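Here the structure is laid out as structure tokens; the discussion comes afterwards.
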Amino acid sequence: MRIGELARRTGVSERALRYYEEQGLLRPERRPSGYRVYGEADVAAVRRIRVLLAAGLNTAQINQVLPCVVVDDGLLVPDCPELVDELVKHRDRIGAAIEELAATQANLDTIIAGRRH
DNA sequence: CTTCTTACA
DNA sequence: TGTAAGTA
């Protein structure tokens, strides 16, 4: 199938699909016309990419994770031990970011509480 | 009509 | 990311 059909079937824009390829997430074949040709497997791949993107991973991280993940009953399951390691690190980074934002919010609260009525 | 690349908001 | 432009 060509990019238009993949876009319709996944709900992902053609723009994003080309971007995923640029990031090495997808490797569609090329027809002599230059048109990209995707396989049935790419439909599933795009869905996996979306799930990982929603989990906050960037394309570089997804590149490492994608080959080590499998779909089971619509649930994404880690398949390699080193992957779980990466995910835990990512989770910790998110935790750190949350703490920093909380601190920033506390500072804002202090300023707001001090306003004149 | 569909896709492609490049470039800009 | 969306979109416009000029093609194939």
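Convention: sequence-line order gives letters A, B, ...; per-chain numbering from 1. Model, not experiment: these values are computed from the prediction.
Remark: A/Arg36 is not in phosphate contact with B/dT3, judged by side-chain N or O atoms under 4.0 Å from OP1 or OP2. Distances shown here put every side-chain N or O of A/Ser33 at or beyond 4.0 Å from the OP1 or OP2 atom of B/dT3.
Hydrophobic clustering, with ILVMFWY side chains joined whenever heavy atoms are under 4.5 angstrom apart, groups A/Leu17 together with A/Val43.
Put simply, CZ on A/Arg2 is 7 Å from C1' on B/dT3, counting in whole angstrom units. Rounded to an integer number of Å, the gap from A/Tyr38 OH to B/dC4 C1' is 11 Å. The distance between atom CZ of A/Arg18 and atom C1' of C/dA4, rounded to the nearest whole Å, is 13 Å. The nearest whole Å value for the distance from the CD atom in A/Glu21 to the P atom in B/dT3 is 14 Å. Atom OH of A/Tyr19 and atom P of B/dA7 are 17 Å apart (whole Å). The distance between atom CG of A/Leu6 and atom C1' of B/dC4, rounded to the nearest whole Å, is 16 Å. Nucleotide C/dG2 holds its C1' atom 12 Å from the CD atom of A/Glu14, rounded to whole Å. A/Gln23 places its CD atom 13 Å from the C1' atom of C/dT1, with the value rounded to the nearest Å.
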* Could you go through the side-chain hydrogen bond (donor to acceptor under 3.5 Å, both in side chains) check for A/Arg50 and A/Tyr20 one step at a time? => CA-CA 10 Å; A/Arg50 298 301 298 199; A/Tyr20 295 161; 2.9 Å; yes

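As the counterpart of C/dT7, no nucleotide is assigned, since no Watson-Crick or G-U wobble pattern has both distances under 3.5 Å. The nucleotide B/dC1 finds no pairing partner, because no Watson-Crick or G-U wobble arrangement with both distances shorter than 3.5 Å includes it.
Using a 4.0 Å heavy-atom criterion, one finds that A/Arg15 contacts the bases of the nucleic acid, with or without backbone contacts as well. Residue contacts shown for A/Arg30 are limited to sugar-phosphate atoms, with no base heavy atom under 4.0 Å away.
By the 4.0 Å N-to-carboxylate-O rule, A/Arg36 lies close enough to A/Glu21 to be salt-bridged with it.
No more than 12 heavy-atom neighbours from other residues, nucleotides or ligands sit within 6.0 angstrom of CZ on A/Arg91. Atom CZ of A/Arg31 has 12 or fewer neighbouring heavy atoms from other residues, nucleotides or ligands inside a 6.0 Å radius.
Between the side chain of A/Tyr35 and the base of B/dT2, a donor-acceptor pair under 3.5 Å is found.
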